[in-house]
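Working notes, structure below.
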Number of protein chains: 2
Amino acid sequence: MSHPSYNQFCPVAMASEILGSRWTIVLVRELCAGSTRFNDLRRGVPRMSPALLSKRLKELEHQGIVERRLVRKIPETFEYVLTPAGCELRDVIMAIGEWGQKWVQTSPILENADPGLLMWDMRRNLRVDLMPQRRVVVHFIYENLPEASGNWLVLTDPEKGADLCSADPGFDVDLFVRCDLKSMTAIWTGIDTVPRAVSEDRLLLVGDSDVSASMQDWLGLSPFAGIEKQAS
Amino acid sequence: MSHPSYNQFCPVAMASEILGSRWTIVLVRELCAGSTRFNDLRRGVPRMSPALLSKRLKELEHQGIVERRLVRKIPETFEYVLTPAGCELRDVIMAIGEWGQKWVQTSPILENADPGLLMWDMRRNLRVDLMPQRRVVVHFIYENLPEASGNWLVLTDPEKGADLCSADPGFDVDLFVRCDLKSMTAIWTGIDTVPRAVSEDRLLLVGDSDVSASMQDWLGLSPFAGIEKQAS
DNA sequence: CCGTATCCGGGGGGATACTG
DNA sequence: CAGTATCCCCCCGGATACGG
């Protein structure tokens, strides 16, 4: 936030002084979601320039919201973790997200969603416990998108969660998911479902029938998926 | 928020697109607190220029958060009231305020607080039911401030709440409150109390002993006053 | 892999004055 | 009372390239 500040003793204004600058809330959301490394944060906030990301992280550190920790000496590697003050921002993030899910029109944004970000969000919330306890490879193919963006979801070790590949990892594919990005995004945000998209031919599943049949379940949804939209 | 938007389907980002622009959260807070008229809003957000206030109100109206209603024809008079979507922003405001009260350092802002804003906030939360049921006049005198800013709190009709005057209303004064602006602000935000400020000679009360003795009670505090500060 | 450095443009918004 | 109108500066932040 710029220098001629709000200058109000109201705690709402004081907090806004910190949280109101561009990208800050979105970044904190990604931190709350669990990303700690610089490049992981970048994946969660892909349209933010690294320069600005670095700047915001410094600000958050300065404000006692984030702690920057050295995790390895060579090569020098850091992680950014929320302090107690930062952790309590979860309540703020949740309140904002719940309101957004309920009241903000989604359609304009669905039009040009980001496949990389969607995969990144899906990966995080995967219910690996509901997937077969072996290596599982799911290949997402988004129509009308430059073929360049391959999207493989690779579950090797249930303990470690899934990996994301943008190039063919070479494994046999258990399930091909072919759909438009808009539908997949709508499913993840809870305003559409796998069965409905399949029945309306917006989603095509080819492969292992078990993995296919349970997709709505193992595909963890957005934390706000349960909230009904009210926007006119 | 500017045009190159976040472009994220995450509801936190979508909501931030609306709420993230400068002054918006602070303005919504004032709307939640009950102000509906343009000039009342100005008093609650004194450092915001009328041009920007007008612009933000239009944006909020466009986004379905505020409704602009004509209340009188001559002179043309409008009021701004929160829509259902706007009312539900109260949860967001509260979450932000609670976090701010708990974790944001207050001291820098206490230094140059705004007496007009403080009076405006105090007036709103006055516990008129705990004041004598007759006309009560309290004259606040802030030391080290240009004498120009007189601050009379006038309770005429308990039904209608109190009035604020910047010029001597001419009534007999029931209580003189003499203090530095910093102490009074600290009291209102709950990090100080009337008795303590009095005992430390930062607050001087002269006048009706009943009104004086019950000041800590009839002076309604900030909605966030109960939350303990944790900031280092 | 984890950032930093630099450039540069657009526009947000602060200040001030004014009007129906 | 309820806003408009105008000016103009500053700085945010987007883009790109580069270093440890």
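Everything numeric in this text was worked out from a predicted model, so none of it was measured. Every chain is numbered from 1, with letters handed out A, B, ... down the list of sequences.
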[N] OP1/OP2 closer than 4.0 Å to side-chain N/O of [X]:
X     : N      : value
B/S21 : C/dG12 : no
A/K55 : D/dC12 : yes
B/R72 : D/dA2  : no
A/N39 : C/dC2  : yes
B/R37 : D/dG3  : no
B/W23 : C/dG12 : no
A/R42 : C/dG3  : no
B/Y6  : D/dG14 : no
A/K58 : C/dT4  : yes

Query raised in the report: What heavy-atom pair brings A/A85 and A/G64 nearest, and what distance separates the two atoms?
Result: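 For A/A85 versus A/G64, the nearest heavy atoms are CB-O, 3.7 Å.
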**Report entry** Upstream residue (5' side of DNA chain C) when A/A51 and A/E76 are each assigned their closest nucleotide
**Finding:**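 Between the two, 5'-proximity favours A/E76.
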Report task. Begin with the C-alpha distance, continue with both residues' side-chain angles, and end with the deciding distance and a verdict on salt bridge (Lys or Arg N to Asp or Glu O under 4.0 Å) for B/R123 and B/D40. Result -> CA-CA 12 Å; B/R123 187 204 71 100; B/D40 285 352; over 6 Å; no
Query raised in the report: If you check the A/S54 side chain, which of C/dA15, C/dG13, C/dG3 turns out closest?
Result: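 Side chain of A/S54 sits closest to C/dG3.
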Report task. Assign B/R68 to base, sugar-phosphate, or nothing according to its heavy-atom contacts below 4.0 angstrom with the strands shown. Result ->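 The residue B/R68 makes sugar-phosphate contact but no base contact.
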Query raised in the report: Which is true for B/P50 with a 4.0 Å heavy-atom rule: it touches a base, it touches only sugar-phosphate, or it touches nothing?
Result: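 It contacts base atoms.
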Query - Salt-bridge criterion met for A/D174 and A/R134 (N-O under 4.0 Å) - result: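 Yes, charged N to carboxylate O under 4.0 Å.
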To the nearest Å, give me how far apart [atom1] ([X]) and [atom2] ([N]) are.
X     : N      : atom1 : atom2 : answer
B/R56 : D/dT4  : CZ    : P     : 14 Å
A/R22 : C/dG11 : CZ    : P     : 13 Å
B/L57 : D/dG3  : CG    : P     : 8 Å
B/L53 : C/dT16 : CG    : P     : 18 Å
B/L52 : C/dT16 : CG    : P     : 16 Å
B/R47 : C/dA15 : CZ    : C1'   : 12 Å
B/M48 : C/dG12 : CE    : P     : 13 Å
A/R43 : C/dC2  : CZ    : P     : 12 Å

**Report entry** Nearest-nucleotide comparison on DNA chain D, the residue closer to the 5′ end among B/F78 and A/P75
**Finding:**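 Nearest nucleotide further toward 5': that of B/F78.
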**Report entry** Heavy-atom donor-acceptor pair, A/Q101 side chain to A/F224 backbone, under 3.5 Å
**Finding:**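 Indeed, once roles are kept as given, a pair shorter than 3.5 Å links the two residues.
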Report task. Using side-chain contact (heavy atoms from CB on, under 4.5 Å) as the criterion, point out the one residue from A/V81, A/V66, A/V71, A/L41 that pairs with A/T36. Result ->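 Running side-chain contact (heavy atoms from CB on, under 4.5 Å) over A/V81, A/V66, A/V71, A/L41 with A/T36 returns exactly one hit, A/V81.
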**Report entry** Pairwise side-chain contact, B/S222 with B/N125, heavy-atom cut-off 4.5 Å (strictly under)
**Finding:**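 B/S222 does not reach B/N125 side chain to side chain.
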